[in-house]
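What follows is a short report on a single structure.
All values below come from the heavy atoms of this structure, side chains included, with hydrogens, waters and symmetry mates left out.
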Amino acid sequence: AAVYLGDEEMKTILIPITSNFVIRSFLRADTFSILASSPDVWLVFLAPEGKADYYRREFPGERVVFDVLPSSASSRRERFFRFVEIASIHTRTAEVMQKSELLRSASKTYLPLRVGIFFIKSVLRALGQFRWWRACIRNGYAFFPAGKNVSVIFDRYHPDVVYAPTMLSADMAILKEAKKRGIKTAGMLLSWDNLYSKTILRVHPDILLVHTDSIKSQAETLGDYPAERIRVVGIPQYDRVFRKQNIMARDAFISSLGGDPAKKLIVYALSGKQGLGIEYDIIAMLSGMRADGRIHRDTEVLVRPYPRFDLSAGVMDRIKKQYGFLAEPSMAHAGTGKDSWEFDEAAIRLLTNTLWHADIIVTMYSTFFIEGAICDKPLIGIAFDGTQKNNFWNSAARFFEWDHMAEIKPLVGIRLVHSNAELAEAISAYLQHPQYDHEGRARIVSQQCGFTDGKAGERVGALLLDMVL
């Protein structure tokens, strides 16, 4: 049944929450507060089942509604188009990922099956260089209905604008239904690597929001999106970092972690699932370096888990007791399962304070390279495999072949290290001379952030209000 949301002058924006990262980039950004405070706008969010009640408590509002996100992404048709779309991305990133999947040393998939999948993906990747093939994928996807579980949401709320905050696969059915009904649409690419490995923009919204001029260029060439309909707005999730919002005194922050404020703080930021096996080796190496004096003993090392793969309490405890390092969960949790992690206010404060109070940031392939550059912190990139002897396709070195990583390498803002000795040398050099590579870090910010005014969320909110009113 239709839901009455107000008089005819009221407008409704429908927004699917298809990634937990949307919480940081939208709901805890200025965008939400701007839209929620508009007396003429209803906000209808589609949240994963089991999360709606949590979001209602976290983001209350007179004209804010949370409903359950339809499970269209799990249908066979959606999974088929997702496979074809991602396999058809013609980039160096996609090539490296496909070859790594084939040659993964720890893979549990039967080798002949991996070979077959690699062959199919290689053919699709070759086809993906052609605009006509990408158009075939979009037209083929548009031909099919979005599904009854999607259309019922539109019948219930009659949105005036649909906003897709990730432009990844799970947003596509919602966007498609909106386009079929002639409803205004807008979308934003979630992150710096999306067009290199996750989407060819299977559905084109009326307006596409992007973080930077670099992503704008990618959207035009890899996503075939018209330049005149792209708006460069900055990165809403970095607004708080630029504004130094909720920054504690350094002594108070490090003490809250159980550390000694008189010591320098080295942050080791884990990058994600693909490098996790190597990263445990690097953590052990850092402990050895501090023990034998290759890096100064008057340092604290904070291990920061990657949001989607927070470390278990047992692993955290081992890091603290065995190595004497600091370690804190990076996320809150709501609901159950692998997607229970959440950016609550405490998690964002921890992240922002970690960035601003770090003396050195060490990571493998995470966005900490960008966030650390914003804070002008010395950056060290792990390009070796700890004690392991992996071939290239299983190594940390392959991550720097990914297109988005290859773009920042020439800017000379990150010290890439290829051995235990180089890591120790880089840490020691940066502890003594934190100004090294300052210009390169500034170039990273210029390329990867564009706007540095901390007002990206405001721009997104203003643009959506302009569309709906």
Side-chain angles (χ1 to χ4, degrees), residues 13 15 18-19 21-22 24-35 89 91 93 134 161-168 171 175 184-243 245 367 369-375 402-408 410-411 413 441-469:
I13 303 176
I15 306 160
T18 54
S19 166
F21 287 108
V22 172
R24 185 184 175 201
S25 65
F26 190 100
L27 281 161
R28 296 198 188 276
D30 293 334
T31 310
F32 174 71
S33 56
I34 288 169
L35 295 176
I89 297 172
T91 61
T93 302
R134 299 191 297 268
V161 170
V162 169
Y163 177 60
T166 74
M167 287 302 298
L168 300 179
D171 283 350
L175 270 182
K184 295 178 184 177
T185 55
M188 174 181 267
L189 285 155
L190 181 65
S191 191
W192 62 332
D193 64 342
N194 288 175
L195 282 159
Y196 288 134
S197 61
K198 295 179 176 67
T199 183
I200 61 166
L201 303 179
R202 199 191 317 161
V203 178
H204 281 185
D206 298 324
I207 298 293
L208 182 66
L209 284 63
V210 298
H211 296 160
T212 63
D213 288 327
S214 175
I215 299 177
K216 177 178 182 290
S217 177
Q218 295 165 33
E220 294 171 42
T221 56
L222 299 173
D224 308 308
Y225 197 90
E228 64 274 12
R229 287 162 45 196
I230 301 176
R231 306 290 183 266
V232 181
V233 295
I235 309 177
Q237 57 265 41
Y238 294 169
D239 283 350
R240 297 193 194 204
V241 182
F242 279 115
R243 296 195 301 244
Q245 187 171 328
T367 55
F369 284 134
I370 302 175
E371 293 161 293
I374 292 171
C375 304
W402 291 351
D403 293 274
H404 62 292
M405 299 296 292
E407 286 177 351
I408 62 176
L411 304 180
R441 294 191 290 273
R443 287 190 288 268
I444 291 174
V445 174
S446 177
Q447 181 193 81
Q448 295 296 330
C449 298
F451 291 99
T452 60
D453 57 3
K455 295 183 178 180
E458 289 184 25
R459 282 185 283 274
V460 177
L463 190 148
L464 292 176
L465 281 178
D466 186 61
M467 286 186 72
V468 77
L469 296 178

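In this structure, T93 and S197 approach most closely via the heavy-atom pair CG2-CB, 3.8 Å. Considering every non-hydrogen atom in both L175 and P205, the closest pair reads CD2-CB, 4.4 Å. When all heavy atoms of V241 and C375 are compared, the pair lying nearest together is CG1-SG, 3.7 Å. Residue P165 comes nearest to D171 through the heavy atom pair N-OD2, 3.6 Å, listed as atom of the first residue, atom of the second, then distance. In this structure, T367 and S191 approach most closely via the heavy-atom pair CG2-OG, 4.4 Å. Shown here for Q237 and R24, the closest heavy-atom pair between the two residues is O-NH2, 3.0 Å.
Sorted by first then second residue, the ring pair (Phe, Tyr, Trp, His ring centres under 6.0 Å) pairs that include residues 198-223, not counting sequence neighbours, are H204-Y225. Pairs engaging residues 186-200 under the salt bridge (Lys or Arg N to Asp or Glu O under 4.0 Å) rule: D193-K198 [sequence neighbours left out]. Counting only residues at least two apart or in different chains, salt bridge (Lys or Arg N to Asp or Glu O under 4.0 Å) contacts with residues 212-226 comprise R131-D224, R134-D224, R138-D224, K216-E220.
A 4.5 Å side-chain heavy-atom check between Y196 and M405 finds every atom pair outside the cut-off. Put simply, the side chain of I370 reaches to within 4.5 Å of the side chain of Y238, judged on heavy atoms. Between Y163 and L35, the closest side-chain pair of non-hydrogen atoms is not below 4.5 Å. The shortest side-chain heavy-atom distance between V460 and L209 falls under the 4.5 Å cut-off. Contact of the T166 side chain with the V22 side chain is registered, since non-hydrogen atoms from C-beta on lie closer than 4.5 Å. The shortest side-chain heavy-atom distance between R459 and P236 does not fall under the 4.5 Å cut-off. Under the 4.5 Å side-chain criterion, counting only non-hydrogen atoms from C-beta, L208 is in contact with L201. With contacts defined as side-chain heavy-atom distances shorter than 4.5 Å, the pair L189/T199 qualifies.
Remark: L195 CG to T91 OG1 distance equals 9.5 Å, nearest 0.5 Å. For the atom pair CD1 of I215 and CG of L222, the computed distance is 11.5 Å after rounding to the nearest 0.5 Å. If you take CE on M188 and CG on L464, they are separated by 8.5 Å, rounding to the nearest 0.5 Å. To the nearest 0.5 angstrom, M167 atom CE is 14.0 Å from S19 atom OG. The CD atom of E371 sits 12.5 Å away from atom CD1 of I444, with the distance rounded to the nearest 0.5 Å. Taking CG of D239 as the reference point, atom CZ of R28 lies at 15.0 Å (rounded to 0.5 Å).
Scanning for side-chain hydrogen bond (donor to acceptor under 3.5 Å, both in side chains) contacts around K455 gives an empty result, with sequence neighbours left out. Here H404 pairs with W192, W402 under the ring-ring contact (aromatic ring centres under 6.0 Å, His included) rule; sequence neighbours left out. Remark: S214 engages Q218 in a side-chain hydrogen bond (donor to acceptor under 3.5 Å, both in side chains) (not counting sequence neighbours).
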Next on the checklist: Run V162 and K184 through side-chain contact (heavy atoms from CB on, under 4.5 Å) and show every step you take.
Outcome noted: CA-CA 6 Å; V162 169; K184 295 178 184 177; over 6 Å; no
Item to check | Residues I207, L463; criterion side-chain contact (heavy atoms from CB on, under 4.5 Å); working and verdict | outcome: CA-CA 10 Å; I207 298 293; L463 190 148; 4.2 Å; yes
Checklist entry - Going through the distances and angles, do Q448 and I408 end up as a side-chain contact (heavy atoms from CB on, under 4.5 Å)? => result CA-CA 8 Å; Q448 295 296 330; I408 62 176; 3.5 Å; yes
Next on the checklist: Could you walk me through whether L190 and S25 satisfy the side-chain contact (heavy atoms from CB on, under 4.5 Å) test, starting with their C-alpha distance in whole Å, then the side-chain angles of each, then the deciding distance to 0.1 Å, before giving a yes or no?
Outcome noted: CA-CA 8 Å; L190 181 65; S25 65; 4.2 Å; yes
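Ring to ring, F242 and F451 are not that close: their centroids are 6.0 angstrom or more apart.
Looking at D30 and R243, a side-chain N of the basic residue comes within less than 4.0 Å of a carboxylate O on the acidic one, giving a salt bridge.
In terms of modelled atom types and a separation under 3.5 Å, the side chain of T221 and the main chain of S217 share a donor-acceptor contact.
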